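Read the numbers this way: they start at 1 and go in the same order the structure lists the ligands and their atoms. For this chain, numbers begin at 1 and follow the sequence in order. Note that the structure is predicted; figures quoted are calculated from it, not measured.
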Amino acid sequence: MKICVTGGAGYIGSHVCKALAEAGHEVVVYDNLSTGHRSFVRWGPFRHGDIRDTARFRACLREFKPDGIIHFAASAYVGESVVDPGKYFSNNVGGTLSILEAMRDEGCPAIVVSGTCAVYGEPKEVPIAESCPPNPINPYGASKLFMERMLADFATAHDVRWMSLRYFNAAGSSPRGEIGELHEPETHLIPRVMFAALGSIDAIDIFGTDYPTPDGTCIRDYIHVDDLARAHIRALEHLVDGGESMALNLGTERGASVREIIRGVEKISGRQVPARAMERRAGDPAVLVADAAKAREVLGWKAERNLETMLEDAWNFLTARKDA
Ligand code: UFG
């Protein structure tokens, strides 16, 4: 297949490009480098542009005539979305609309988008299946849910197939360590615990120790980025083969608490992680764990890498950069 990857210079996008190239597909990356890294674009040509620039994106589709698009270009900080919702509706909703219009005009038939478990908000039951009614509690989740709504409406009106992959907590990195999680600022738990292990921050702040969980800290379903990458390829193949459009959860179906992550990092690094208990962070549900049965059924996909592998790969990426 020939595939255009928007946001292909970012964390998950670059891992998907690598997996696509290794599977023999042709990739073009379209990215405005607002948060992505030029050095992560290694598996095909690069076109610099914003997804909201419809004419530019349309030109990219006209030039490459891809069989499909995998769309990652989006803003993805929950906290920022609360203080600057306009950015999220412009980039995520407006940007996706621009992509859909370009696809319609250029006859590009299929799109896989980066969804999120944030569409579920505070879930009524865990594990969370796709049948759980979406009810986002922040503008980030709302923008991703509205993207799905637009995809469904474009699919009804035009010849476009779509899949939204609602991931839980992406983690880890390519085992070779050439690409990985590198956000600025870095707010995610696993890299921050590693920063504390390496001494580049004083301590990891544990946001809330009074949750109704066995050790009082939040539980999340961490999933290896390479498992996510495989699912995107399967999803696009499914659509290109004429499969049905839908939203699917992607997770390991196993939860880990903040304290378990800290212990896991101590084990793989052989270092102590200084930690301090803090107040809860606003908008954090106690437990988010996926029911990924539908992805197994529709895509024949299941997560293969465990938490230890995720932590080892993330550690290797970070320490390789630190030594560089
Ligand atoms: N946490 C800490 N200390 C930190 C950072 C995080 O205790 O310094 C805790 C959080 O409170 C949370 C857990 O670690 O309980 C995981 O937090 P992350 O920030 O790593 O991830 P989130 O679960 O907040 O966010 C992820 C994705 C979002 C997505 C969201 C859905 O990064 O894009 O899941 O809930 F929207």
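- Applying the side chain to side chain donor-acceptor pair (under 3.5 Å) rule to pairs touching residues 236-252 yields Tyr120-Asn249, Asp221-Thr252, Arg234-Glu237, sequence neighbours excluded.
- Evaluation of the side chain to side chain donor-acceptor pair (under 3.5 Å) test over residues 124-133, restricted to residues two or more places apart or in two chains, returns none.
- Within 4.0 Å of ligand 1, contacts by protein heavy atoms are made from Ala76, Val78, Thr116, Cys117, Ala118, Tyr140, Asn169, Thr187, His188, Leu189, Arg192, Ile204, Asp205, Ile206, Phe207, Cys218, Arg220, Tyr222, Val258, Arg281, Asp284, Leu288.
- A distance of 6.0 Å or more separates the ring centres of His71 and Tyr30.
- Val82 belongs to no multi-residue hydrophobic cluster, having no ILVMFWY side-chain contact under 4.5 Å with any other such residue.
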Could you go step by step and tell me if Tyr222 and Phe168 meet the ring pair (Phe, Tyr, Trp, His ring centres under 6.0 Å) rule? CA-CA 7 Å; Tyr222 297 91; Phe168 283 62; over 10 Å; no
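- Stacking of Arg280 on the aromatic ring of Tyr211 is recorded, both the 6.0 Å distance cut-off and the 45° axial limit being met.
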